[in-house]
Each structure stands twice: as C-alpha cells, then as structure tokens.
Amino acid sequence: GAGVSQSPRYKVAKRGQDVALRCDPISGHVSLFWYQQALGQGPEFLTYFQNEAQLDKSGLPSDRFFAERPEGSVSTLKIQRTQQEDSAVYLCASSLVSALRGETQYFGPGTRLLVL
Amino acid sequence: GNSVTQMEGPVTLSEEAFLTINCTYTATGYPSLFWYVQYPGEGLQLLLKATKADDKGSNKGFEATYRKETTSFHLEKGSVQVSDSAVYFCALNGGSNYKLTFGKGTLLTVNP
C-alpha cells in the first residue's frame with residue numbers, strides 16, 4: 001500500500017513568512033510523529049499525535065511552531081514568522097497502533113525547508 | 001535522558017568488505033533498538049530492530065545484536081555491495097517514551 005507522503009518536498013521561504021507542511025500518514029495508522037533533521041544530524045522529535053489528540057509537543061522549539069491533526073489522519077506542521085535557524089528537513093512518521101516501545105515508525109520522504 | 005552515540009563517518013569500503021558501524025546508548029528503562037537507513041534521495045527506512053536483550057535483528061544481510069551489558073547495538077554486514085551506500089542511523093525507543101532518539105548518522109560509501 002501507499003507509504004507516508006509529505007508535501008511540498010521542497011520549500012523556500014523568506015525570513016518572516018509563514019509556512020505549512022503537510023503529512024499524509026499510512027491509512028489506518030493511529031500514531032503520527034513529526035521530527036526535525038538539521039544538516040548532518042539525526043532526526044529530533046518535535047511532536048506526537050494519537051489520532052487527533054496531540055499528546056506530546058515537548059520538542060517544538062518555540063511557540064512559532066504549531067501542529068494539528070484535526071480528523072486523526074492528515075497532519076499539518078505550521079511555522080510562523082520563519083527564521084533562518086528553522087532551515088531543516090521536516091520528517092513525518094506514522095505507526096499502526098498507539099505508541100509502543102518496539103513499534104516500527106514509517107517515515108515519509110521529508111520536506112526540505114530553506115529560509116532565506 | 002536517552003541518548004545514542006554512533007560511529008562518525010564517513011566510512012568508505014570496497015565492495016565485499018566487512019562492515020561494522022558501532023552504536024552505544026544511554027537510556028532509562030529498557031529500550032528497543034533500531035537501525036534505520038536513508039538511501040540517497042529517499043526517506044528513512046527501517047533496516048532492523050531488536051526489542052530485548054540478546055535479540056538479534058537481521059535484514060538484507062545486515063545484523064545487530066542487542067547487548068544490554070555493554071549498552072551496544074553494533075551494525076554488521078559480512079560483504080557490502082555498492083547498493084549499500086547510504087546513511088545509517090541507530091535509534092532507540094524506551095519505556096513509556098515512545099519517541100525515537102537517533103544518533104547523528106554514519107555515511108557509508110561502497111566503491112566497486
């Protein structure tokens with residue numbers, strides 16, 4: 001079946017602009033995660049949804065970052081007033097059941113954001 | 001908190017050489033351990049995982065054994081191919097903490 005998809009794949013924004021990044025998880029997957037991957041680094045956790053409930057947003061770097069999943073499927077990560085330090089690849093991942101210790105997370109291809 | 005330390009790259013090998021990428025971790029509780037691979041231009045893919053001590057994960061000729069006594073999960077392959085060229089990430093997910101914690105990644109280049 002289809003994997004996790006993300007759009008756009010690339011986004012160039014001027015500093016101060018707002019951006020919205022979309023994630024379509026695998027159909028039926030309960031859990032959805034957002035990660036941020038800086039150049040040359042491993043992904044770092046941003047936020048977690050179980051269905052439509054955002055259960056953890058402890059990784060969001062500032063109040064300019066906001067994520068939602070209103071119907072428990074598609075999710076949007078919004079960054080307001082973008083700054084150059086927001087430049088990174090934003091990864092979305094989903095897993096079948098409520099997050100468990102050994103549950104496999106399936107990743108999308110990512111959105112590469114460049115803030116000029 | 002949880003952390004993962006993996007061998008820094010880049011690693012360059014000739015085809016059919018033996019590969020080891022070291023990974024050690026620090027975690028509260030009893031984590032599950034993962035290796036993810038990122039091929040050029042593609043997203044992260046699960047390569048293998050192990051959920052308890054002494055478990056061996058294996059896939060596509062790669063293996064890693066969960067060693068609780070040394071807090072390690074080293075990735076090995078007996079004979080690498082050019083198509084194995086990618087970035088490899090070690091990660092953990094422990095206890096009630098469902099987030100994946102990743103290492104920095106190791107770039108592997110295999111030359112023909």
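Proteins come first, then strands; the chains are lettered A, B, ... in the order of their sequence lines, and each starts at number 1. Everything numeric here is computed off the predicted structure, so don't read it as measured data.
Side-chain atoms of B:C23 and B:V4, non-hydrogen and from C-beta on, do get closer than 4.5 Å to each other. Using a 4.5 Å cut-off on side-chain heavy atoms (C-beta onward), B:F102 and A:F45 make no contact.
Residue B:Q38 touches chain A through its side chain alone, counting heavy-atom pairs closer than 4.5 Å. For a residue to count as touching a neighbouring chain, one of its non-hydrogen atoms must lie under 4.5 Å from one of that chain's; by this rule B:L46 touches chain A with the side chain only. For A:T47, no part sits under 4.5 Å from any heavy atom of chain B, backbone or side chain.
For the pair A:L96 and A:H29, the tightest heavy-atom approach, listed with the atom from each and the gap, is CA-CD2, 3.5 Å.
Contact residues of residues 105-116 of chain A toward chain B are A:Q105, A:F107, A:G108, A:P109 (heavy-atom distance under 4.5 Å). The interface of residues 64-89 of chain A with chain B, defined by heavy-atom distances below 4.5 Å, is empty.
Annotation: cation-pi geometry satisfied between B:K68 and B:Y30 (NZ/CZ under 6.0 angstrom from ring centroid, within 45° of ring axis).
A distance of 6.0 Å or more separates the ring centres of B:F73 and B:F34.
Donor-acceptor pairing under 3.5 Å is recorded for the side chains of B:E42 and B:Q45. A side-chain N or O of A:Y48 and one of A:S31 form a donor-acceptor pair less than 3.5 Å apart.
Using a 4.0 Å cut-off between charged side-chain N and carboxylate O, A:D24 and A:R22 make a salt bridge.
The greatest number of non-hydrogen atom pairs below 4.5 Å with chain B, out of A:R9, A:Q6, A:Q37, is found for A:Q37. Between chain B and the residues A:L55, A:V4, A:D56, the most heavy-atom pairs under 4.5 angstrom are made by A:D56.
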Original post:
Given the rule in the side chain to side chain contact (heavy atoms under 4.5 Å, CB included) test, do A:L32 and A:C92 qualify, once you have shown the distances and angles that lead to the verdict?
Top reply: CA-CA 7 Å; A:L32 185 145; A:C92 176; 3.9 Å; yes
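A 6.0 Å sphere centred on CD of A:Q17 holds more than 12 heavy atoms belonging to other residues, nucleotides or ligands.
B:T12 contributes atom OG1, which lies 7.5 Å from atom CG of B:L107 (distance to the nearest 0.5 angstrom).
Taking hydrophobic clusters as Ile, Leu, Val, Met, Phe, Trp and Tyr residues chained together by side-chain heavy-atom distances below 4.5 Å, A:L60 does not share a cluster with A:Y35.
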